[in-house]
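Numbers here simply count residues along the sequence, with the first being 1. Reckoned from all heavy atoms, side chains included, excluding hydrogens, waters and symmetry mates.
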Amino acid sequence: MTRLVLLALLCAAGCSLDRSGLRQPGARDGGGVDARPGDLDGGGTDAAPPDDAGPNPGDAASRDAGPGDAGSRDAGPPDTGVDSGLPDAGLGFCDPAGGTLVLCVPCDGAALDLSPNAHSIDTDAVVAPGRVLTACRLGAGSRFIVADAPSLDVAQLTLELFVNADAIPTSGRAGLADRDGAFGLFIYPGGRVRCTAGGGAAAADGVISAGRWTHLACTNDGARTRLYVDGSFVAEDGAGAVVATSTPIRVGEDSPGGGDQLLGALDEIRLFSRVRTDTEIAAAAAR
């Protein structure tokens, strides 16, 4: 009996010693000192898997503060270099803040008025590469008509857009946006641009060329009409208030009956019922 007890005690002690020397998964040699997965050297010096996914106070670069963290770069969506559509002051391009945005046609995939007025548009313009995202491209015989509505009758205005003309007229003119009797914006031979509103006509020669995007803005404050090219003021003329009319806006041609067709593309078309500041116009041109 005593012999059996002694044998049992010796077996227990031996099993305990043998267990400490088992070769654990991941240990390359027979020493079996380290029982942690991932240890390749058997020395037991690895306190955690090599690619630690959690914070490591000893990591001076803080590279493992979070999955894929490479510093401040992952604080938001990556910069793709494509304009987000945010406007000059950080609001949406067709955001109604202030209540002065009358018409907004960014031509992003379709010719739709995204202003609160949602004016009806009849057009066969096609989608083309734009100054910002996509543009509305017009060819011979194209139509782009914004239906008449009371909301288009404004006493003051800012009309702004980007244009990329295939060619500058050698005679006559090419319409950009026109509401007969109220306001109009046209290109003439020699790269001349003329804006009319409230009886005033602000014009400048040689300010536009074919094959490049140009930002144009026309304003009327009830006393003068002003013209801006690529965000810079270039000309003005005395004027009265913008008059009301019942004609539609023709984009890319003359109103009311058509003609004076623009061959080219238009983008970011907006009409405001106020005079935008020089800073606002410059910011819109820089989009």
Side-chain angles (χ1 to χ4, degrees), residues 103 105 107 111 121-131 135-148 152 157-220 224-230 232-240 242-243 245-271 285:
L103 177 73
V105 186
C107 286
I121 295 177
D122 176 24
T123 182
D124 58 1
V126 299
V127 174
R131 173 61 174 77
C136 294
R137 181 166 185 80
L138 303 169
S142 291
R143 68 181 187 282
F144 191 131
I145 305 169
V146 181
D148 176 50
L152 297 177
L157 68 77
T158 299
L159 171 66
E160 60 182 38
L161 51 79
F162 283 101
V163 57
N164 188 339
D166 292 347
I168 302 300
T170 56
S171 62
R173 62 183 185 174
L176 301 180
D178 185 40
R179 192 176 188 218
D180 187 51
F183 57 82
L185 186 60
F186 290 84
I187 303 173
Y188 290 81
R192 178 179 177 84
V193 175
R194 185 171 185 263
C195 171
T196 59
D205 293 324
V207 295
I208 191 169
S209 58
R212 65 175 292 269
W213 285 104
T214 303
H215 186 269
L216 300 174
C218 175
T219 70
N220 178 282
R224 57 184 176 172
T225 294
R226 308 187 87 193
L227 176 65
Y228 296 77
V229 177
D230 286 332
S232 298
F233 166 71
V234 295
E236 69 175 15
D237 189 26
V242 182
V243 300
T245 181
S246 59
T247 58
I249 297 176
R250 291 266 187 169
V251 176
E253 57 185 343
D254 175 64
S255 176
D260 298 329
Q261 179 71 58
L262 169 73
L263 302 180
L266 294 166
D267 201 2
E268 307 271 277
I269 305 162
R270 289 194 292 185
L271 175 66

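Pairing each heavy atom of Pro129 with each of Ala135, the nearest pair is O-CB, 3.8 Å. Nearest approach of Pro189 to Gly172, heavy atoms of both residues: CD-O, 3.2 Å. Nearest heavy atoms, Arg137 versus Ala128: CB-CB, 3.8 Å. Ala111 and Cys136 make their closest contact through CB-SG, 3.9 Å (heavy atoms, listed as atom of the first residue, atom of the second, distance). The two residues Thr245 and Ala182 come nearest to each other via the heavy atoms CG2-CB, 4.0 Å. Leu152 and Ala147 get closest at one heavy-atom pair: CD1-O, 3.5 Å.
By the ring-ring contact (aromatic ring centres under 6.0 Å, His included) test, Tyr228 pairs with Phe233, sequence neighbours left out. Phe186 pairs by the ring-ring contact (aromatic ring centres under 6.0 Å, His included) definition with nothing, not counting sequence neighbours. For the side chain to side chain donor-acceptor pair (under 3.5 Å) test, no residue two or more places apart in sequence or in another chain qualifies with Thr158. Considering only residues two or more places apart in sequence or on other chains, Ser232 meets the side chain to side chain donor-acceptor pair (under 3.5 Å) condition with none of them.
A donor-acceptor contact shorter than 3.5 Å links the side chain of Asp230 to the backbone of His215. Looking only at distances, no side-chain donor or acceptor of Glu236 sits under 3.5 Å from a matching main-chain atom of Ala202. For Ser255 (side chain) and Arg250 (main-chain N/O), no donor-acceptor pair under 3.5 Å exists by modelled atom type. The closest donor-acceptor contact from the side chain of Asp237 to the backbone of Ala201 lies under 3.5 Å. Using modelled atom types, one side-chain atom of Asp124 and one backbone atom of Arg143 make a donor-acceptor pair closer than 3.5 Å. Under a 3.5 Å cut-off, the side chain of Asp260 and the backbone N or O of Glu253 do not form any donor-acceptor pair. For Arg131 (side chain) and Val163 (main-chain N/O), no donor-acceptor pair under 3.5 Å exists by modelled atom type.
Put simply, CG on Asp254 and CG on Leu176 are 11.5 Å apart, with the number rounded to the nearest 0.5 Å. From Arg173, atom CZ reaches atom CG of Leu185 across 11.0 Å, with rounding to the nearest 0.5 Å. Atoms CD1 and CG, from Ile249 and Leu103 in turn, are 5.5 Å apart once rounded to the nearest 0.5 Å. Between Tyr188 atom OH and Ile168 atom CD1 the span is 13.5 Å, to the nearest 0.5 Å. Taking CD of Glu160 as the start and CG of Leu216 as the end, the distance is 10.5 Å to the nearest 0.5 Å. Separation of atoms SG (Cys107) and CZ (Phe144) is listed at 5.0 Å; rounding is to 0.5 Å.
Checking Thr225, Asp178, Leu271 one by one against Phe183, the side-chain contact (heavy atoms from CB on, under 4.5 Å) holds for a single residue, Leu271.
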Point to revise | Leu266/Leu138 under side-chain contact (heavy atoms from CB on, under 4.5 Å): CA gap, chis, key distance, verdict | key: CA-CA 8 Å; Leu266 294 166; Leu138 303 169; 4.0 Å; yes

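Residue pairs meeting the salt bridge (charged side-chain N to carboxylate O under 4.0 Å, His left out) criterion with at least one partner in residues 180-194, sequence neighbours excluded, are Arg192-Asp205. Note on residues 176-212: pairs passing disulfide bond (SG atoms under 2.5 Å apart), not counting sequence neighbours, are Cys195-Cys218.
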